[in-house]
Structure formats: C-alpha cells, structure tokens
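Reading through the structure tokens given below for one structure.
Note on naming: letters A, B, ... go to the chains in the order of the sequence lines (proteins, then strands), and numbering restarts at 1 for each one. Keep in mind the model is a prediction, meaning the values are calculated, not measured. For the numbers below, each heavy atom of this structure counts, side chains included, while hydrogens, waters and symmetry mates do not.
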Amino acid sequence: MPYWLLKSEPHEYSLADLQRDRTSLWEGVRNYQARNYLQAMQKGDFAFFYHSSTQALGIAGLARVQHTNLVDSSQFEPSSPYFDPKSTKENPRWWTVELEFVQAFPRVIALDTLREHFSSEELILLRRGNRLSVMPVEEAVAKRILRLK
DNA sequence: GCCAACGTTGGC
DNA sequence: GCCAACGTTGGC
C-alpha cells in the first residue's frame, strides 16, 4: 500500500480543518511532478499531512485517499487563485483526489525529529531545495515514521 | 523579511 | 532548444 506526504500551510488548510470537514478535495496543485504523483494515488493509500510555513513544522497526522483522478474544477474558475487560463474542460491539466481524515498524531512529528531519524535519500521532504507539495514515501520509511508518533 | 532553490515563461 | 528574467516556495 503506497504512502504519500502532502504539504499544506495550516493557515490555509490544516489537519484540524480536515478533521472538521471529514473529507476534502486536494485542489490547487499546479506543479507537473506533484500532479503526476496525485494521478498515481490509489483509493486507500495513506498520506502524511505535513504542516509547512508555520511555527510547528512537521507531520500533524494521517489522511487517506478516498477518491482518485478527479478533475480539479478550480482551474476553470476565473475568481480562484488556482485558475489556469490555458486549461480547457475538454482537456483539463490539473487533477485532484479526495482525502479522508484518519487521525491527528498526539504531537506533531517535528521536521527536526524527521531529520534526526531519516536521511534526505529516504525522505524527499528533507532534500535540499525540495519544493514538491506531493511526494511518495517508501512503505518501510512510512512504518518508521508511524513509530515516532 | 531574507534568500537559496528551482519551476516557468518567452524572446531569440 | 537555449537561457535570462522572473515568480514562487518554504525554512530560517
């Protein structure tokens, strides 16, 4: 079962927001590599929910992929910050998945803690200059992350 | 707010 | 298809 890591700025959308909403569409990914990973997601996959651009940097909890390969409708919406004028309904560029809340960890697994336990080879998140908002996590690494919670 | 890293754009 | 300019990301 593949695992993923998703980055979100909690002041935009936090794990607590997902807990409140129960499910959410993961809209607004506008990077082709991240999009390709989104398209590779399968129903039932787990996703670590990482909080970026905040004081408590780290993995806040777990979500699960509930629906896959959905068209990201925000690309067609001129008033949306995610509007893409080059995208058409006949040939959409951007896709999304629906996530389901699974759990909030008792404590956020801090970025520093992740650095202590994993190499940048093991965790794409830790790679220098990494800006991907969607990335795969090897199952063995995922199991070790879960033990840190 | 700084700035390194890196993706995208567009002129040529 | 090259590459300079520019914009964005995200930790610090």
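- Checking each of Phe101(A), Tyr13(A), Phe105(A) against Phe49(A) for a side chain to side chain contact (heavy atoms under 4.5 Å, CB included) leaves exactly one that passes, namely Tyr13(A).
- For the salt bridge (charged side-chain N to carboxylate O under 4.0 Å, His left out) test, residues two or more places apart in sequence or in another chain that qualify with Arg93(A) are Asp84(A).
- Computed from coordinates, the Arg93(A) CZ to dG7(B) C1' distance equals 13 Å when rounded to whole Å.
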Polar atom pairs (N or O), protein with nucleotides 3-5 of chain C, under 3.5 Å:
none

List every contact pair, protein side and nucleotides 8-12 of chain C side both N or O, where the distance is under 3.5 Å.
residue : atom : partner   : partner atom : Å
dT8(C)  : O2   : Arg131(A) : NH1          : 3.4
dT8(C)  : O2   : Arg131(A) : NH2          : 3.4
dG10(C) : OP1  : Lys7(A)   : NZ           : 2.8
dG10(C) : OP1  : Arg131(A) : O            : 3.3
dG11(C) : OP1  : Tyr50(A)  : OH           : 3.0
dG11(C) : OP2  : Ser53(A)  : N            : 3.0
dC12(C) : OP1  : Arg115(A) : NH1          : 3.3

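- Legend: salt bridge (charged side-chain N to carboxylate O under 4.0 Å, His left out) pairs involving residues 51-69 of chain A, not counting sequence neighbours: none detected.
- Just one of Leu114(A), Leu146(A), Ile109(A) meets the side chain to side chain contact (heavy atoms under 4.5 Å, CB included) condition when paired with Phe48(A); it is Leu146(A).
- Leu25(A) belongs to a hydrophobic cluster with Leu70(A), counting contacts under 4.5 Å between side-chain heavy atoms of Ile, Leu, Val, Met, Phe, Trp and Tyr, direct or through other members.
- If you run salt bridge (Lys or Arg N to Asp or Glu O under 4.0 Å) between Arg144(A) and each of Glu116(A), Glu122(A), Glu138(A), only Glu122(A) comes through.
- The shortest non-hydrogen separation linking Leu148(A) to Phe118(A) is CD1-CE1, 3.8 Å.
- Within the structure, salt bridge (charged side-chain N to carboxylate O under 4.0 Å, His left out) pairs that include any residue of residues 65-76 of chain A comprise Arg30(A)-Asp72(A) (at least two apart or interchain).
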